[in-house]
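Below, chains carry the letters A, B, ... as their sequence lines are ordered, and counting in each starts from 1.
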2 protein chains.
Amino acid sequence: MTVTIYDVAREANVSMATVSRVVNGNQNVKPATRKKVLKVIEELGYRPNAVARGLASKKTTTVGVIIPDISNSMYAELARGIEDIATMYRYNIILSNSDQNENKELQLLETMLGKQVDGIVFMSDTISTELLYEMERSPTPIVLAGSIDESATIASVNIDYYGAAYEAVKKLIGNGHEKIAFISGPLTSKVNKDYKLKAYRQALQDAGIEFDESLVVECNNSYDEGIAAVGSLKELKPTAYFVSNDEMSIGVIHAVEASGLHIPEDVEIISYENSKLSRMARPMLTSIAFPLYDIGAVSMRLLTKYMNKEEIEEKQVILPYRIEERNSTKNT
Amino acid sequence: MTVTIYDVAREANVSMATVSRVVNGNQNVKPATRKKVLKVIEELGYRPNAVARGLASKKTTTVGVIIPDISNSMYAELARGIEDIATMYRYNIILSNSDQNENKELQLLETMLGKQVDGIVFMSDTISTELLYEMERSPTPIVLAGSIDESATIASVNIDYYGAAYEAVKKLIGNGHEKIAFISGPLTSKVNKDYKLKAYRQALQDAGIEFDESLVVECNNSYDEGIAAVGSLKELKPTAYFVSNDEMSIGVIHAVEASGLHIPEDVEIISYENSKLSRMARPMLTSIAFPLYDIGAVSMRLLTKYMNKEEIEEKQVILPYRIEERNSTKNT
DNA sequence: CTGTTAGCGCGTTCAC
DNA sequence: GTGAACGCGCTAACAG
């Protein structure tokens, strides 16, 4: 039925060891016999069994990827970055959605380790202590992509969330705004709560503007909640919005314009993501570039170093961000 | 180092066969010994090695997924559908991007088969004869998701592309339009060329409207080309657009409105996809619902039947479509 | 209900 | 440069 290394060995009048050598590119094979073996492989349509190989060599050339939700464009972008680099290094990817559910995350980690992946790229807004504990004792390397582990025990790749948010709010302040709303994603996420929100507060404070809690609206990152957030802020009449992602920003745009105000003349908006949506909005969104693809790519690259037991120069990688100025803000 | 089934067998004073039985939920184990084994498993932190298991059982409980590009929201949606059902049936997914490159597709197929996946879900706009040949002789089941194989030799899940397109164009005609542009994706794609385009022509013909080739614009599915398409049609002044996907539709909206025309008063648009973008456009897009998630889910479900060697009632599944009426068309 | 014994397909010493 | 033999960790008969 299935043709094994044994079959080609017999057919080529060599031992399976020799076949194994040519398949694995070992140089210790006489060119003539190599050629002969290759020919038989071709004839028989022999295809090495990666599972058997994995058992014998203890390497599967596959890495696990655990992300919240592949149908969310942010994570899809991240996944693509991971996959491209994985392919470059000859790895395949086992992709799983966790929906940020901690039990699912734990269970997925377990499954991946059971499948003997050579490494894991993990993403989640918050990493519980139990998860962290499991990761620390993982026999295979793990790197966090766009995820915060403040204990810094696990390798990670991120941007300077705090600095980026601070700069955005500061820019809004610089444009003369004092009533700046912060439309945030879930505050259960460490990035939102401990970085963006704190940066928002600090930027306000540094400008001598009093923090008003009611200007902060916690949303689920969706378009509809972006719209709703503006509605809930109606009486406060914010003149500027700092929004956690592009999809919500579009909701904000629509709600603001529906109320008769103009962007950026009456209201300015700075988004956070800079996906292709930011160019598809009207006005086009000024947005902090959150380089998901790069974070994925760099995470995977870092993981390959761990898998090869290479020297790691920097365990906590911080990628640069930038503000992409478009038309939802008044630019000088 | 790593604890094996052997270790727990020794520690629990049973044979490895017994350990295997409890791990696999085999009922032929006395409750007392089951409990004892479970305890040792817990103590030793034993984790079954899926690779060894795969070698012995010839089942890996993982399926391969080959799609064009996970960072494209359409395919991401499809992938999520696949993954959800896969999870439901306890399969993991090896996800790879082909970028619609035939060589890459062939090579990925080869890789997946080498990794001994139990099944494969494949998506591509066009399936070359060589690819088809390889699929036919694949030892493991394959199902095509949202992909056409006219020879009908490989199982597949699709919608009635022709009927959907026909209905869209007919609706536009019914609203009084005669100059209807068709902004198509690549005509190298069978769906675009042999289904949507043909339906467009037939609907026109059935209404006694002459087909004008210059009203058909081939694009790469991007927002920018949607804009460009409208520009290239400026002199022809089409009063309606049938557009191949939501992203291009938004480009069309922006370009049309930039030219001073109003939607839907002056120009009507029907899109094809009905992603969440269709609600985020202004005006919101009337769109043919292309149920990517469902196609993925049903494909995976179908695949499980093949993997279980169940009876297949319908090898070529056609899912229903519908038109979601919103504000880019005048609705009665 | 439980243990023994073969493999599953391949990588890898270690001799020759 | 090449082959024989063992082992990777587990499932699957087959006995008992």
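Among the atoms of the strands shown, only primed sugar atoms or phosphate atoms (P, OP1, OP2) are found under 4.0 Å from some heavy atom of A/Asn13. In this structure, A/Val19 reaches neither bases nor backbone, as no heavy-atom distance under 4.0 Å exists between it and the strands shown.
Taking every side-chain heavy atom of A/Leu55 into account, D/dG9 is the closest of D/dG9, D/dT2, C/dC8.
B/Asp125 places none of its side-chain heavy atoms less than 4.5 Å from the side chain of B/Lys190.
Around the CD atom of B/Glu42, the shell of radius 6.0 Å holds no more than 12 heavy atoms that belong to other residues, nucleotides or ligands. The number of heavy-atom neighbours closer than 6.0 Å to NZ of A/Lys35, taken from other residues, nucleotides and ligands shown, is 12 or below.
When the side-chain nitrogen and oxygen atoms of A/Lys58 are compared with OP1 and OP2 of D/dG7, none of them lie within a distance under 4.0 Å. At C/dG3, one or more side-chain N or O atoms of B/Thr18 fall inside 4.0 Å of OP1 or OP2 (strictly under the cut-off).
Across the protein-nucleic acid pair, B/Lys36 atom NZ and C/dC1 atom P stand 14 Å apart, rounded to whole Å. A/Asn28 places its CG atom 19 Å from the P atom of C/dC16, with the value rounded to the nearest Å.
In this structure, B/Tyr46 has no ring-ring contact (aromatic ring centres under 6.0 Å, His included) partners at least two apart in sequence or on a different chain.
Side-chain contact of A/Ser96 with A/Lys104: a donor-acceptor pair under 3.5 Å is absent, judged by distance alone. For the residue pair B/Ser20/B/Asn24, the side-chain donor-acceptor check at 3.5 Å is satisfied.
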Inset, instruction - Going 5' to 3' through nucleotides 10-16 of chain D, assign each nucleotide B (protein heavy atom under 4.0 Å from a base atom), S (under 4.0 Å only from sugar-phosphate atoms) or - (no protein heavy atom that close). - result: BBB----

